[in-house]
Amino acid sequence: MNKEYVMVMVKIVLLSVIAAVILGALYIPTQAQLKVYQEEQKQLSLKIVNPDADHFEPVKSGEETLYYLAFDAGNNLIGYCFFHDQPGSQGTITLAGGVDTGYTVTGVKIMAHSETPGLGAKITEESFTGQFPGVAEDDLMLSKDGGAIDAITGATVSSVAVIDGLHAAMNEIKANE
Amino acid sequence: MADMTIAGEFFRGIVKDNPVFALVLGLCPTLAVTTSVENAIGMAGATLFVLVGSNVMVSALRKQIPPITRIPMFIIIICTFVTIIDMAMEAYTPPLYEALGIFIPLIVVNCIIIGRAEAYANRNTIKFSVVDALGIGAGFFVALVAIGAIRELLGTGEIVLFGLKLISIPIEPATFMILPGGAFMTIGVLMAMVNYNKIRKARKGA
Amino acid sequence: MEDSLFSIAVNGIFVQNFLLVQFLGLCSFVGVSKETKSAAGMSAAVLFVMIIASIASFLIYTYLLLPMGLTFLTTISFIIVIAFLVQLVEFIIRKFSPPLYRSLGIFLPLITTNCAILGVVILNTRLEYGFVQSVFYGISAGLGYTMVMLLMAAIREKSNAIKVPEAVEGLPHAFFITTLLSMAFVSYFQVIPT
């Protein structure tokens with residue numbers, strides 16, 4: 001009986017070890033790919049939120065990147081870009097934004113969100129984000145409050161979250177300037 | 001079991017043993033991720049991968065697995081495949097991974113998979129286990145895509161697949177269909193239709 | 001995440017109700033909500049295992065998996081922990097309280113594959129909750145599950161008297177009741193400030 005019991009234990013342990021080894025071996029390449037993807041996405045997003053810029057330079061505090069400086073081909077500072085996390089109606093909305101040196105918006109892109117599909121999820125669409133470029137900081141509010149941004153029907157909370165996120169990020173840059 | 005044919009075993013999974021409509025298994029992912037056809041396809045694909053992988057492994061090891069510890073061993077095997085697809089999707093299809101969220105790791109506790117390991121793969125050859133997994137996986141796929149299509153079409157007025165607009169209908173989108181309530185209603189209506197069909201057939205036969 | 005305990009509780013019980021909004025634990029929901037007695041038994045078992053699983057998984061994740069860089073083994077270790085805990089609880093209850101075992105015992109083996117349990121522990125790590133938050137979320141999610149389970153069982157028991165078309169009897173009928181419950185949860189509780 002004992003021998004049988006030992007065999008059962010050995011088999012379970014062996015199976016677990018094999019499973020762990022396979023997963024460990026696959027973990028390394030997938031993590032590397034994930035890093036590559038995230039970096040690519042960041043660079044692409046920066047280009048989208050400030051299309052006039054030629055290259056970007058991170059402004060760091062220790063290891064953490066606070067925001068990016070956007071330069072044109074002649075190495076002149078033409079604006080700031082940033083990534084910002086803002087609580088939405090469901091979860092966190094991660095957005096990328098760009099402003100010129102006078103804090104007029106150059107572009108907005110929603111990186112990640114978990115808003116309601118079909119409603120709040122429309123913040124990713126061009127019909128919403130397309131309203132932002134060219135809007136000055138003072139006009140950056142909903143049109144019903146006298147601003148320049150039309151809220152998505154049925155998803156005011158998500159729309160306001162994007163606007164609030166931009167304001168918060170701008171204030172952060174001003175504080176660090 | 002000499003009367004088993006490959007085609008027969010395959011189609012059994014889609015129609016007679018359809019995991020969602022006939023066996024009523026795996027309800028959580030079925031309802032949670034079917035807000036769009038794209039998510040439905042992603043979920044069904046991931047489940048199919050795990051189903052085929054675990055069925056093959058369980059069938060291959062069926063003479064080695066001691067009966068008393070079979071459930072923990074099935075779970076370890078299934079969990080390995082789930083973690084593989086979890087890591088792969090996170091790295092290679094991040095937007096889809098975000099959309100499916102917690103339901104990828106939860107494939108582990110999808111009763112369909114452990115059910116097939118226990119009821120089929122543990123007793124049959126590798127060849128038939130693969131066919132069984134493909135059939136059940138296809139049945140799951142059909143159910144998910146059907147529910148996803150109904151909800152996306154009525155809820156947003158169009159079906160968008162990988163950036164392509166497939167169909168759009170001129171209706172005022174009924175947001176309700178995208179919300180959780182719409183999921184429960186859709187599966188309720190579909191099940192009633194399946195039942196109705198069954199009852200009618202039974203009456204004809206009698 | 002800096003969620004306050006109040007908002008975790010409101011989220012767990014109402015706004016993000018596991019059964020009606022997040023679709024977690026549905027198999028047990030349609031299976032055992034036919035009568036109040038078994039619904040109560042199942043709910044008590046789920047609530048209990050959810051709490052101890054939240055505690056155990058937090059300790060394992062924070063002190064074992066994270067420092068050793070083994071996060072790719074998260075799912076596999078959580079499911080093993082849950083299976084182990086369920087066995088342990090079953091053993092303890094059988095030994096010390098046979099009456100309790102008779103009412104809860106048959107539901108315990110079903111709990112390992114209940115996605116509400118694995119769901120709560122995975123959500124805890126994904127939302128980066130601390131220890132108190134994790135346990136609190138476990139309790140709230142369990143209470144939310146219990147409430148909906150009892151509501152549903154009560155409605156189903158009463159609605160036995162209603163005559164419905166033959167094709168709608170059973171599961172479709174249960175799903176239609178759930179539709180109405182879910183609509184109530186999604187629409188009404190959204191207004192609670194969290």
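Residue numbers begin at 1 in each chain, while the letters A, B, ... track the order of the sequences.
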Can you tell which part of B:Asp86 gets under 4.5 Å to a heavy atom of chain C, answering side chain, backbone, both or neither?
side chain

With ring centroids as reference points, do C:Tyr145 and C:Phe18 lie under 6.0 angstrom apart?
no

Examine whether an atom of B:Leu179 lies under 4.5 Å from a heavy atom of chain C, and if so say whether it belongs to the side chain, the backbone or both; otherwise answer neither.
side chain

When rounded to the nearest 0.5 angstrom, what is the spacing between CG in B:Leu153 and CE in B:Met177?
9.5 Å

Per side chain to side chain contact (heavy atoms under 4.5 Å, CB included), C:Cys115 is matched among B:Val108, B:Leu106, B:Ile102, B:Leu27 by B:Leu106

Euclidean distance, B:Glu152 CD relative to B:Glu158 CD, rounded to 0.5 Å
7.5 Å

With rounding to the nearest 0.5 Å, note down the distance linking CG in C:Asn17 to OG in C:Ser140.
11.0 Å

Among B:Ala183, B:Gly181, B:Gly182, the residue with the most heavy-atom pairs under 4.5 Å to chain C is B:Gly181

Residue part contacting chain B, namely of C:Ile79, when any heavy atom lies under 4.5 Å:
side chain

Exercise answer: donor-acceptor pairs, residues 37-50 of chain C side-chain atoms, under 3.5 Å, sequence neighbours excluded:
residue: C:Ser38; atom: OG; partner: C:Val32; partner atom: O; Å: 3.4
residue: C:Ser38; atom: OG; partner: C:Glu35; partner atom: O; Å: 3.3
residue: C:Ser43; atom: OG; partner: C:Ala39; partner atom: O; Å: 2.7

Between C:Phe72 and chain B, with a heavy-atom cut-off of 4.5 Å, which part of the residue counts as in contact: side chain, backbone, both or neither?
both

Residue among C:Ala174, C:Gly25, C:Ser182 with most heavy-atom pairs under 4.5 Å to chain B:
C:Ser182

Side chain B:Glu90, main chain B:Tyr97, donor-acceptor under 3.5 Å:
no

C:Arg156 versus C:His173: any side-chain heavy-atom pair under 4.5 Å?
no

The interface call for B:Val194 against chain C, heavy-atom contacts under 4.5 Å, is neither

All heavy atoms of C:Ser134 vs all of C:Phe58, minimum pair found to be OG-CD1, 3.7 Å

Side chain, backbone, both or neither: which part of B:Ile75 has a non-hydrogen atom closer than 4.5 Å to chain C?
side chain

Centroid separation under 6.0 Å, is that true for the rings of C:Phe29 and C:Phe175?
no

Taking every non-hydrogen pair under 4.5 Å, which of C:Ala83, C:Gly119, C:Pro165, C:Gly170 racks up the most with chain B?
C:Gly119

So what's closer than 4.5 Å to chain C heavy atoms on B:Leu31: side chain, backbone, both or neither?
both

Taking the side chain from B:Arg62 and the backbone from B:Ser59, do they hold a donor-acceptor pair closer than 3.5 Å?
yes

Under 4.5 Å heavy-atom distance to chain C, tell me which part of B:Ile76 shows up: side chain, backbone, both or neither.
both

Using the side chain to side chain contact (heavy atoms under 4.5 Å, CB included) rule, take B:Asn124 and B:Asp132 through it: C-alpha gap first, then chi angles, then the decisive distance, then the call.
CA-CA 10 Å; B:Asn124 289 288; B:Asp132 177 70; over 6 Å; no

At under 4.5 Å between heavy atoms, what parts of residues 47-58 of chain B are in contact with chain C? List them by residue number.
none

Proximity breakdown for B:Met185 and chain C, heavy-atom pairs closer than 4.5 Å
both

Using heavy-atom distances under 4.5 Å, tell me whether C:Leu19 contacts chain B through its side chain, its backbone, both, or neither.
backbone

Per-residue tally against chain B (heavy atom, under 4.5 Å) across C:Ile177, C:Ile117, C:Ile122 peaks at C:Ile122

Rounded distance [0.5 Å steps], CG in C:Asn11 versus CZ in C:Phe6:
10.0 Å

